[in-house]
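First the structure, in the form of C-alpha cells, and then the observations on it.
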Amino acid sequence: MTDDAPVTQAAPGAGDLPGADQPDLRQLDELLDEIYHGQERLSQADIHRAAVSADLPAELLTRVAALPEGEYAVDEVADLLGGSAG
C-alpha cells in the first residue's frame with residue numbers, strides 16, 4: 001500500500017527571497033526626510049533619538065545605534081544605514 005497524499009513543503013528557496021531578512025527601509029527613508037528637513041548635518045545621537053521616538057523596528061534601531069559618533073549629512077547616513085533618502 002502506498003501513500004498518495006501530497007507532500008507539503010515550503011517552496012524552494014522561500015527563505016532566500018530578496019529582502020526576506022531585510023527590514024522595511026521606507027520607514028528609515030521617511031524618518032531621514034523628516035529629521036533632515038532644514039538641517040544640513042545631524043549627530044548620531046540626534047538621529048538615534050529620532051529613531052527611538054519614531055518607534056523604528058529593532059533592526060533599524062540597531063543600525064542607527066551602530067553608527068560611529070559624529071555628524072552626518074543625509075546622504076552619508078542613508079548610505080551607511082541602507083536607506084535611499086537624499
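All values below were derived from every heavy atom in this structure, side-chain atoms included, with hydrogens, water molecules and symmetry-related copies excluded.
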Shortest non-hydrogen contact from Leu56 to Leu61? O-CD1, 3.4 Å
Non-neighbouring partners of Glu34 that pass side chain to side chain donor-acceptor pair (under 3.5 Å), sequence neighbours left out: none
Salt bridge check, Arg63 against Glu59: does any charged N sit closer than 4.0 Å to a carboxylate O? yes
Nearest 0.5 Å, what's the OG1-CG distance between Thr62 and Leu67? 11.5 Å
Can you name the closest pair of heavy atoms from Gln44 and Glu69 and give their distance? CB-CA, 4.2 Å
Should Glu76 and Arg41 be marked as a side chain to side chain contact (heavy atoms under 4.5 Å, CB included) after you check the CA-CA gap, both sets of side-chain angles, and the distance that decides it? CA-CA 10 Å; Glu76 294 170 329; Arg41 299 181 75 75; 3.3 Å; yes
On a heavy-atom basis, which atom in Tyr36 and which in Tyr72 lie closest, and how many Å separate them? OH-O, 2.7 Å
Apply side chain to side chain donor-acceptor pair (under 3.5 Å) to Ser43 and list each qualifying residue two or more places apart in sequence or on a separate chain. Asp46
Smallest separation among heavy atoms of Leu81 and Leu25, with atom names: O-CD2, 4.4 Å
Do Leu42 and Gln39 come close enough that some side-chain heavy atom pair is under 4.5 Å? yes
Any donor-acceptor pair under 3.5 Å linking the side chain of Gln27 with the backbone of Pro57? no
Looking at every heavy atom in both Ala51 and Leu31, which two are closest together, and how far apart are they? CA-CD2, 3.6 Å
